[in-house]
Each structure stands twice: as C-alpha cells, then as structure tokens.
Amino acid sequence: MKKVLALILAVAMIASVAMLTACGGNNANKGNATDAKADADKTYIIYSDNAFAPFEYLDTETNAYVGVDMDIMAAIAEDQGIKYEMHNEGFDASMGAVQSGQADAMIAGMTITDERKETFDFSEPYFDDGQVIVAKAGTKMEDLKGKTVAAKTSTVGGEYAESIKDQYGFTINYYEGSDNMYQAVATGADVACVEDFSVIGYAIKTGQVNLEIISEEPANVKGYGFAVQKGKNAELIEKFNTGLANIKASGKYKEILAKYGY
Ligand code: GLN
C-alpha cells in the first residue's frame, strides 16, 4: 500500500514539474493569479426560465425563484466562490440574453444539442431528459390530426414537434412560457403540447395540470447543461464543472434532487 502511494506521489511530482516547464514556469503562474483575481471580483449575470418547475419557478409564499437549477447554481457558487445575480426571464429571453452578451450564462433546464453547441459552450450535463406529448385524458396521438399543438419558443420541444407534425398532421402554435402552453391545452385552444418529461411529470404529480402523457417513451433524451456564449466565460464553465463534481461527491447534488422528488 505504502509503495503504491509513493509511486503515485512520484508520478504526480514528475507530472507537475513537466507541466510547469511546459507552461514556462513562473510567468504562467503569474498570469493565472491575475486572471483568478479578476474573476473573483466579477458578479456574473445568469439568466433562467421562470415557469419550469421543478427546475425554476416562483415560490408564491416567499416570492423567490426556487427549483433544482436555482439550488444547483447556489450550491456550486458557494463551493466555487462565484458571485452572481439571477434573472428569471423565460427560456427564449435567456437564450437571447446569452447570445447578445447581456447575460454571462444561463441555467434553465437547457438541453445540450449539437446545433446549440455552434453558438453556446456547455458545462458537463447535470440531468437527463427528453420530450413527451401531453393532452387531456383519453386523447390519442391520432387525434392530433388537423389540430394545433402547443410548443415553447426556442425549445427542443418545438423542434420535436416540427419533426413529427407531418406524420401526425398537426400544426404548431408557439408560446413563450410552459404555463401558457398548459393553459392553452386546458382551455382547448390546442389539443396537446410538447414538454420535457420531468417537467410535465412534476406538474401532473403535483396536480397543477389535469393532463396526461399520450406519447410513448420520452424522445431525444439528452443532458441539461449550464451554458455561456461560445468562446466566452470559459473560466465560469470550468468553475461550474468543478463545483458540480464537488457537490456530487459531497452528496449535496443528491440532496437537491431529493428535495424536488427525484
Ligand atoms: N429542455 C428544453 C430545451 O432546452 C426546454 C427548456 C425550457 O423550456 N426551459 O429546449
């Protein structure tokens, strides 16, 4: 055991000496220290959705935004010493704010896709989800024919709806918020809507909507990621990833998910 430890230590020492040499020794260290100081002083502007329970939603008792994303961000920020301001403005607004540089980052149950990777840099995935079709009880996928289906602007749910609309013969109405979408289905304005499985599952379970999932398995299951504008705020992504690994190791991540029923 001791021998193994000694060997690991020796390898680590050789590796760090090699890294120092490769980086040009002291100069590289100085550069990092200056960057670290600038980062430490910065207050990051982070955007999010505003009606996407259990990831982010308004707690009407405290009048504060709560949810898995809000808690993960807070835990990682605490772990990594990140100062930030959260703006819960909606999903499409968050995408626009990051792309225009008005926001430094977003955390909004955002699915990591190859297309989005062209304009965003993502953290490691922190949750997996896919899309389902939701309607009033008793509705069948065949019943979508000739009707309108609600989808949310700029989401992968919208993309999914576009990909199956010809097959099922429906047209799409776009909404800014998940809450508007659910309401449109409840009032009958649209026959169904597309939503991330965990999110609509939570709404059904908590009795916020009286709808049911009418499609089969969730489609296009992928990871959710924290995102920045491509090529910007690389240090923030790095801190998020380190913080995520730390809160997973400490049990905090599990505790957060459990708090919201996972
Ligand atoms: N996961 C979906 C997407 O990334 C929906 C996100 C959301 O509505 N907040 O498009």
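Just so it is clear, the values below take in all heavy atoms, side chains as well, and ignore hydrogens, waters and symmetry mates. Just so you know, ligand 1 is whichever comes first in the structure, and atom 1 is the first atom listed for that ligand.
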Contacting atoms of ligand 1, where contact means under 4.0 angstrom from a heavy atom of [X]:
X      : value
Val156 : 2 (C), 3 (C), 10 (O)
Tyr224 : 1 (N)
Thr155 : 5 (C), 8 (O), 10 (O)
Met110 : 4 (O)
Phe91  : 3 (C), 4 (O), 6 (C), 7 (C), 8 (O), 9 (N), 10 (O)

What's the shortest distance from [atom] to any protein heavy atom, and which residue and atom give it?
atom                   : result
atom 6 (C) of ligand 1 : Gly109 O, 3.3 Å
atom 8 (O) of ligand 1 : Lys152 NZ, 2.7 Å
atom 2 (C) of ligand 1 : Asp196 OD2, 3.4 Å

Side-chain heavy atoms of Val132 within contact of Val194, under 4.5 Å: no
Answer whether the closest heavy-atom distance between the side chains of Tyr175 and Gln183 falls below 4.5 Å. no
Ionic contact status for Asp49 with Lys152, cut-off 4.0 Å: yes
Asp71 with Lys259: basic N within carboxylate O range, under 4.0 Å: yes
Give every donor-acceptor pair under 3.5 Å between a side-chain atom in residues 96-103 and any protein atom, sequence neighbours left out.
unit_1, atom_1, unit_2, atom_2, d
Ser100, OG, Gly96, O, 3.1
Ser100, OG, Ala97, O, 3.3
Ser100, OG, Gln102, N, 3.4
Gln102, NE2, Tyr47, OH, 3.2

Between [X] and ligand 1, which part of the residue brings a heavy atom under 4.0 Å of the ligand: side chain, backbone, both or neither?
X      : value
Asp49  : side chain
Phe55  : neither
Arg116 : side chain

If you look only at distance, which donor and acceptor atoms sit under 3.5 Å apart when one is on a side chain in residues 219-228 and the other is two or more places apart or in another chain?
unit_1, atom_1, unit_2, atom_2, d
Tyr224, OH, Asp129, OD2, 3.3
Tyr224, OH, Asp196, OD2, 2.6

Between Lys248 and Tyr253, is NZ or CZ placed under 6.0 angstrom from the six-membered ring centre and within 45° of the ring axis? yes
Is Glu212 atom CD crowded by more than 12 heavy atoms from other residues, nucleotides or ligands, each under 6.0 Å away? yes
Could a heavy atom of Ala108 be found less than 4.0 Å from some atom of ligand 1? yes
Distance-only N or O hit between ligand 1 and Thr111, under 3.5 Å: yes
Check: Phe55 ring centroid to Phe127 ring centroid under 6.0 Å: yes
